[in-house]
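To start, the structure under review is shown below, and the notes come after it.
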Amino acid sequence: MRALFGLLSMALVWLDAMAFQPKPELSDTLVSFTVSDADEWTDHFYLKSGWFGADGVFSFRLDGVEQPATEQERIMMSFSDTMTGEVTGDTVLNFKMVNNSVAWLNGAGDDPAIRLSYLENGEPGNFFSPETPDSKPDEYYWLGDGYVDRVNGDHLILFGYRVFDNSEASWDFEVRGTTMITVPIQGDTLLFDEQTQVDAPLYFRDEDSGTATFGSGVYVNTPWAGAPNPDGFVYVYGLHDPGKRMLVARVRPDQIAEWSSWRFWNGDGWSADITDSVPITDRVSNELSLTPVADGRYLLIFQEDGIGEYTAARVGSSPVGPFGPLQRLRKVPELNDPPGIIPYNAKAHPVLSTPDRILISYNTITLDYFNDILNYPHSYRPRFFWLEIETKNN
């Protein structure tokens with residue numbers, strides 16, 4: 001029996017490796033594509049009262065399907081650090097930053113109804129704050145990606161990074177760990193007050209003081225999510241720094257909370273040891289997306305080198321690649337806007353896209369954003385553009 005089990009294990013590893021070989025008939029680049037401004041989406045988030053800026057920006061159909069939504073489909077968008085107050089000209093009154101907010105849409109063409117969570121004293125607060133055994137009082141969540149779980153009862157599952165921030169410096173923060181947040185769905189409503197949080201072993205430091213964190217992007221490769229070539233796994237992408245190198249793990253949806261069932265790509269197959277993780281590509285951003293395209297390939301969208309002038313893509317033949325060379329899709333047009341715009345964390349939004357065009361977002365910030373936000377309040381918010389791929393020529 002032991003010998004048979006060993007042979008079966010070897011066969012499964014071999015099948016995994018064979019499944020991720022490149023398809024020779026398909027190119028590893030986009031040969032023909034066009035981009036265009038999505039002003040209709042960018043303008044949605046040019047606001048002056050209450051919510052006036054945020055980053056993060058992930059989108060979810062509450063039915064769990066990761067395909068373009070109809071007018072009837074309920075959609076939620078999640079944001080991380082959020083700016084609130086009243087904007088008059090270049091002045092912000094009653095300014096307060098909270099760590100997350102959400103928006104609701106009734107269909108992909110709807111005007112987002114942005115929601116803030118409010119504390120008992122009427123001040124804006126957080127929908128999600130660290131409450132796990134490993135959490136510390138000075139930590140908050142930087143939200144990663146997630147998905148709507150249709151296997152274990154209807155839930156929204158989000159991956160959150162526990163972050164410590166030295167508020168005296170704009171860029172002085174560190175990730176201390178990860179959390180899996182589960183929010184029940186009742187009809188077309190998320191029950192935020194009934195959320196549960198568990199510490200997730202999806203973070204490690206290597207011997208060279210590099211760090212790896214999983215949750216940068218999620219691809220649900222299941223029939224109920226609408227995946228074109230489903231294998232039944234949820235793929236969770238991670239980032240290894242330095243180098244902005246992308247990692248990947250996978251797990252079956254019914255085992256999402258069983259950490260011993262998670263497997264990490266080690267270059268040849270899947271390992272139960274997270275520290276065996278091997279990067280599958282590099283120069284990506286802390287947030288990203290993987291989207292299937294009509295010809296059977298997979299499109300990885302990110303901001304070049306994490307914070308860079310270009311929104312970029314790589315083309316892969318499977319959810320774990322191999323991925324082709326970095327391709328620049330679009331130079332960010334706001335780079336010269338005062339006081340100096342920095343773009344980051346681009347990703348695609350399949351549920352907000354159309355059958356012909358992919359909607360892509362990126363965030364903008366400034367070097368000294370804690371001070372700049374009071375004088376340039378609209379410098380910090382999501383921007384959008386459309387990508388159209390001519391797959392027949394690729």
Side-chain angles (χ1 to χ4, degrees), residues 26-38 41-42 55-60 66-68 77-78 108 143-147 215-221 225 227-228 235-239 244-248 279-333 343-364 382-391 394:
L26 297 177
S27 170
D28 64 356
T29 58
L30 298 178
V31 176
S32 181
F33 67 90
T34 58
V35 296
S36 58
D37 295 339
W41 280 99
T42 298
D55 64 0
V57 196
F58 292 95
S59 52
F60 311 92
E66 300 195 347
Q67 297 286 338
M77 300 179 74
S78 64
L143 297 179
D145 200 359
Y147 72 101
S216 303
V218 174
Y219 178 62
V220 185
N221 202 21
Y235 289 82
V236 180
Y237 297 93
L239 189 80
K244 300 298 179 187
R245 295 174 289 172
M246 189 171 80
L247 310 174
V248 60
I280 56 176
T281 192
D282 61 2
R283 303 187 65 188
V284 299
S285 45
N286 292 68
E287 297 170 8
L288 45 80
S289 64
L290 185 88
T291 305
V293 292
D295 60 15
R297 298 177 300 169
Y298 295 83
L299 188 65
L300 182 67
I301 299 292
F302 53 95
Q303 199 70 19
E304 181 179 336
D305 296 320
I307 298 176
E309 295 183 354
Y310 290 89
T311 301
R314 293 185 189 271
V315 176
S317 59
S318 82
V320 300
F323 289 96
L326 184 149
Q327 285 186 272
R328 292 174 169 177
L329 299 179
R330 180 175 181 262
K331 187 174 183 177
V332 172
Y344 61 110
N345 286 349
K347 64 185 75 69
H349 296 266
V351 304
L352 304 179
S353 299
T354 72
D356 302 319
R357 298 186 298 174
I358 299 172
L359 186 67
I360 296 175
S361 72
Y362 58 96
N363 299 311
T364 59
R383 324 284 180 129
F384 296 83
F385 69 92
W386 293 105
L387 170 67
E388 187 171 354
I389 304 170
E390 297 182 22
T391 55
N394 286 321

pair [X]-[Y]: side-chain heavy atoms closer than 4.5 Å:
| X | Y | value |
| --- | --- | --- |
| Ile301 | Leu329 | yes |
| Phe323 | Leu290 | yes |
| Asp145 | Lys347 | no |
| Leu299 | Leu30 | yes |
| Phe58 | Val218 | no |
| Gln327 | Phe33 | yes |
| Ser216 | Leu288 | yes |
| Ser317 | Asp28 | no |

Distance (rounded to the nearest 0.5 Å) between [X] [atom1] and [Y] [atom2]:
| X | Y | atom1 | atom2 | result |
| --- | --- | --- | --- | --- |
| Leu352 | Ser59 | CG | OG | 4.0 Å |
| Tyr237 | Phe302 | OH | CZ | 13.0 Å |
| Asn221 | Ser318 | CG | OG | 9.5 Å |
| Glu388 | Ser353 | CD | OG | 12.0 Å |
| His349 | Trp41 | NE2 | CH2 | 9.0 Å |
| Ser32 | Ile389 | OG | CD1 | 10.0 Å |

Could you pull out the closest heavy-atom pair between [X] and [Y], with the gap in Å?
| X | Y | answer |
| --- | --- | --- |
| Leu359 | Ala38 | CD1-CB, 3.8 Å |
| Val284 | Leu239 | CG2-CD1, 3.6 Å |
| Phe60 | Ser78 | CE1-OG, 3.8 Å |
| Glu309 | Pro343 | CA-CG, 4.4 Å |
| Ile358 | Ala348 | CG2-CB, 3.7 Å |

Does the [X] side chain pair with the main chain of [Y], one donor and one acceptor, at a distance under 3.5 Å?
| X | Y | result |
| --- | --- | --- |
| Arg383 | Thr364 | no |
| Asn345 | Glu287 | yes |
| Arg330 | Trp386 | no |
| Thr42 | Phe384 | yes |
| Gln303 | Tyr362 | no |

(message) By the definition salt bridge (charged side-chain N to carboxylate O under 4.0 Å, His left out), identify the one residue from Arg283, Arg245, Arg328 that meets it with Asp305.
(response) Arg283
(request) Would you please test Tyr310 and Leu326 for side chain to side chain contact (heavy atoms under 4.5 Å, CB included) and show each step? (result) CA-CA 11 Å; Tyr310 290 89; Leu326 184 149; over 6 Å; no
(request) Using the salt bridge (charged side-chain N to carboxylate O under 4.0 Å, His left out) rule, collect all pairs that involve residues 311-325, keeping only residues at least two apart or in two chains. (result) Asp282-Arg314
